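Treat the numbers as computed from the prediction; the structure is a model and nothing was measured. First the proteins, then the strands, lettered A, B, ... as listed; each starts at 1.
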Protein chains: 2
Amino acid sequence: MTEAVSRPTLEAVAARAGVSRATVSRVVNGGDGVRAPLAERVRRAVEELGYVPNQAARSLVTRRHDAVAVVVAEPESRVFADPFFALQLRGIGKELAVHDSQLVLLLTEGRADHARVARYLAGGHVDGALVFSLHLDDPLPGLIRDAGVPTVFGGRPHGDPDTGAGGPGVVYVDCDNRGGARAAVRHLLGLGRRRVAHLTGALDQTSAVDRLDGYRDALADVPGGYDPRLVVEGDFTPAGGERAMRELLGRCPDVDAVFAANDLTALGALRVLRESGKRVPEDVAVAGFDDMAPVAEQTDPPLTTVRQDIEEMGRLMARLLLEGLSGGRDRERTTAGAPAVRGKGVILPTTLIRRASA
Amino acid sequence: MTEAVSRPTLEAVAARAGVSRATVSRVVNGGDGVRAPLAERVRRAVEELGYVPNQAARSLVTRRHDAVAVVVAEPESRVFADPFFALQLRGIGKELAVHDSQLVLLLTEGRADHARVARYLAGGHVDGALVFSLHLDDPLPGLIRDAGVPTVFGGRPHGDPDTGAGGPGVVYVDCDNRGGARAAVRHLLGLGRRRVAHLTGALDQTSAVDRLDGYRDALADVPGGYDPRLVVEGDFTPAGGERAMRELLGRCPDVDAVFAANDLTALGALRVLRESGKRVPEDVAVAGFDDMAPVAEQTDPPLTTVRQDIEEMGRLMARLLLEGLSGGRDRERTTAGAPAVRGKGVILPTTLIRRASA
DNA sequence: CTGAAAGCGCTAACAG
DNA sequence: CTGTTAGCGCTTTCAG
C-alpha cells in the first residue's frame with residue numbers, strides 16, 4: 001500500500017511559472033482573462049509539477065463540493081438483492097460524471113446509522129442529496145430535511161404533495177406505478193380473464209400502494225368489478241410471492257389471471273402455479289412489473305411485465321438536483337423525451353412488455 | 001428542494017460559551033484536557049446552535065478526510081447485472097461505517113472516466129481507495145498507483161506478487177478461486193463422472209483463470225486426465241453459458257458433467273441441457289461457482305455450487321485499507337476467523353454447497 | 001488548563 | 001490583464 005505523498009501547492013506552481021497565485025488559479029479554473037503565453041507557462045508548470053488542486057481548500061472558500069450524497073436505507077437486504085438499486089446508481093453515476101460531480105454513498109442499516117448520515121449531510125460535505133425513501137415509518141426524510149441540504153427523492157415519498165399531505169418543495173422522481181399497473185390489468189382483462197388477482201408489494205411503500213390503486217382502477221371499469229378476496233399482500237420478494245400465491249389459490253381456486261406487484265413476486269407465483277399443476281398462461285395468465293432482464297426474460301414461460309426505465313430514473317434524479325443547485329440554469333431535456341411533471345414530482349412513463357406468460 | 005443554510009462556526013460556539021475557539025475545538029474533538037464545567041458549557045452551546053464542524057476546513061489542516069473511494073470499472077454492464085458487486089459494496093459500507101468513514105463511489109465506463117478518477121484520487125479527497133480491477137488491459141491500476149493513494153484491490157490483480165510479475169506492496173482480497181474450483185470438480189469426479197467439462201469465465205479476468213487452473217488441478221489426479229476439448233470459453237453471463245454449452249454438446253456429446261465458472265454461466269448451461277433433452281443430474285451433472293442466492297437456489301434443479309462470502313470480502317478490503325492507514329494500529333480479527341494471508345494477498349476460503357444438480 | 005496567533009491551500013475582490 | 005490582500009473555518013503550537 002503506497003503512502004500518500006505531499007502534493008505541490010498553488011504557491012509552488014506560481015513560483016515555477018514566475019507569476020502570482022491568483023494567475024495560476026485563474027488558469028486552473030478555466031483560464032479566461034489570462035494572456036496566452038502566460039497561461040501556457042502556467043500550464044507547463046502545472047504539468048511539470050503534477051499539480052492537482054486541493055479540494056478541501058477550494059471548498060472552504062467556494063462552498064461547493066462537486067459531490068452529492070446518495071442515501072439508501074436498507075433495513076431489509078432487499079435493496080441489494082435485486083438489480084434495481086444498482087441500475088439507479090448507475091444512472092446517477094453517469095449523470096454526475098457528466099457534471100464532474102462525485103457520488104458519496106451513504107448506506108444506512110438502522111437508527112444508529114441515521115445519526116451518522118444526518119451529521120454527515122449537515123457537515124456540508126456535499127452539494128445535495130439523493131434519497132431513496134422506502135418505508136412509511138422511515139425517519140430519514142425528516143432528518144434530512146433538518147440537515148438543510150437540497151434533496152431529490154427516488155420514488156414518491158409518503159405524504160407527497162399530490163396526496164395533499166406532503167411538505168412543500170418536495171422533489172421526487174418515480175415511474176408511473178399506477179398507470180403501469182392499470183395497463184397490465186387491462187391487458188389481462190383484454191385476454192378475456194375475469195378473475196384477475198393481485199399480489200401486492202410491501203404496502204408500506206408507495207410504489208406498492210400505487211400499483212394496487214392501478215389494479216383497482218382497471219377493475220372499476222368492468223362488470224364484476226373489484227373483489228377484495230383476489231388481493232393478497234406480498235412483499236416484493238419471491239418468497240412473499242409464493243406465500244401470497246398459495247394463499248390465493250386456497251381462497252379462490254377459480255383465479256384465471258394474476259398481476260404481481262413486481263417480477264420477483266411473479267417468479268414466486270409461477271413456481272407455486274407450476275407445483276399446483278396450473279398451466280401458464282392457459283389456466284392462469286401472469287403479469288409482473290419492473291422488467292428486470294435477468295428475471296423476466298428467464299422465467300418459464302417468459303414474463304409479460306411492465307417496464308420502467310430504472311437507469312433513467314437515476315439519471316433524472318441527479319439532473320434535477322444539479323439543476324436545482326445551479327438555480328435552474330443549464331437546463332437540458334431528458335433523454336427519455338419530456339416526462340410528465342406533476343407538482344414537484346416527475347413521473348416517468350412505463351411500457352407493457354408482452355411475453356408468453358400473459 | 002430546500003436551500004442550504006449557513007451553519008454556525010466554531011467562532012459562534014466559542015462566543016456563546018464564552019471561551020476561545022481553541023477550547024471549543026478541543027471539546028469537539030474528544031474533549032480531553034478541558035475542565036468538566038467548561039466542557040459542559042461548550043457542549044450545551046454546540047447543542048443549542050446545532051453546530052457541526054465544517055469538514056473542508058478540518059481536512060485542510062488535518063489532511064484526513066474520513067472517506068475512501070471505491071473504484072469500479074464497468075466497461076460491460078455485467079458488474080451491475082449480478083448482485084455480486086452490490087454485496088461487496090455492502091460489506092465495505094458496513095466496515096467503513098464502523099470507522100466513521102464515508103464511501104465515495106467512483107464508477108468508470110471507459111477511458112474518458114479514467115482521467116476523472118485519477119484526478120479525483122490525486123486531488124486528495126480521500127484517505128485511500130478500494131479498487132475492483134477486472135480486466136487484463138485495464139489502465140486503472142496504473143493510474144491509481146500514480147495518484148499515490150493507499151489502495152487495496154478486490155480480486156487478485158493481473159501480475160500480482162504470487163505470480164512473480166507484480167509490483168511490490170500490492171494488497172488485495174480474493175476468494176480461493178482455484179481451491180474452490182478444484183473442490184467442485186473433485187466432487188463431480190467423486191460422483192463417478194468421467195467426462196467433466198468446464199465452461200470458463202472471461203479469461204481476461206484472474207478469477208476465471210484461477211478457476212480454470214483449479215479445474216486442471218483436479219483433473220491432473222485422474223487417469224483420463226485433462227482433455228482440452230472439454231474446455232469452452234464463456235464470459236460469466238447466462239448468454240455466454242448457453243453459447244458455450246451448445247458448442248460443448250456439439251463437440252463432445254458424451255459429456256457427463258459440467259463445471260461452470262459461475263452460477264450465471266451454469267444457468268445458461270442448464271437451459272441448453274434442458275432444450276437438448278438431457279436430464280440434470282442424471283445425464284449431466286452441473287456445478288457452478290459463487291452461490292448467488294437468487295440464482296443458485298432457484299434454478300431447476302437447484303444448483304450445486306461453490307460458495308464465497310462476498311460481503312466479507314468487501315468488509316475485509318475496507319478493514320485492510322483502514323488498518324494500513326492507521327499504521328497497523330487497532331488491528332482486529334475478521335469475523336470469518338483467520339483467512340490465509342499469502343504475500344500481500346488475503347484469500348478467503350470457499351465452501352462447496354451441495355444441491356440437486358450434482 | 002486555556003487563550004492568542006499562525007497558518008492549511010485556495011479564491012475573490014480590489015487595485016494597479 | 002495581473003498582482004496584492006483578505007479571509008473561508010478549523011487545528012495546533014506556544015505562551016501564559
(message) Need two values: the first and the last nucleotide of DNA chain C, 5' to 3', having an atom under 4.0 Å from any heavy-atom of chain A.
(response) C:dG9 to C:dA13

(request) Check side-chain hydrogen bond (donor to acceptor under 3.5 Å, both in side chains) between B:S20 and all other residues, then give those that pass, not counting sequence neighbours. (result) B:T23

(request) Take the C1' atoms of the five end pairs on each side of the helix from C:dC1-D:dG16 to C:dG16-D:dC1, derive the two axes, and give their angle rounded to 10 degrees. (result) 40°

(request) Indicate yes or no: does B:E312 engage B:R315 in a salt bridge with an N to O separation below 4.0 Å. (result) yes

(request) Would you please name every residue forming a side-chain hydrogen bond (donor to acceptor under 3.5 Å, both in side chains) with B:D66, sequence neighbours left out? (result) B:R64

(request) Would you please name every residue forming a ring-ring contact (aromatic ring centres under 6.0 Å, His included) with B:Y120, sequence neighbours left out? (result) B:H125

(request) Encode nucleotides 9-16 of chain D as B, S and - characters from 5' to 3', where the letter depends on protein heavy atoms closer than 4.0 Å: B to the base, S only to sugar-phosphate, - to neither. (result) BBBBB---

(request) Using side-chain hydrogen bond (donor to acceptor under 3.5 Å, both in side chains) as the criterion, list what pairs up with B:S59, not counting sequence neighbours. (result) none

(request) Please identify each residue that fulfils salt bridge (Lys or Arg N to Asp or Glu O under 4.0 Å) with A:R43, with sequence neighbours left out. (result) A:E40

(request) Provide the full list of salt bridge (charged side-chain N to carboxylate O under 4.0 Å, His left out) pairs with a residue in residues 49-59 of chain A, sequence neighbours left out, each pair given once. (result) none

(message) Quick test of your reading: applying salt bridge (charged side-chain N to carboxylate O under 4.0 Å, His left out), list the pairs with at least one residue in residues 112-136 of chain B, sequence neighbours left out, ordered by first then second residue.
(response) A:D100-B:R119, B:D113-B:R116

(message) Using the side-chain hydrogen bond (donor to acceptor under 3.5 Å, both in side chains) criterion, which residues pair with A:E48? Sequence neighbours excluded.
(response) A:R16

(request) Please list, chain by chain and in numerical order, all residues satisfying salt bridge (Lys or Arg N to Asp or Glu O under 4.0 Å) with B:R26, sequence neighbours excluded. (result) none

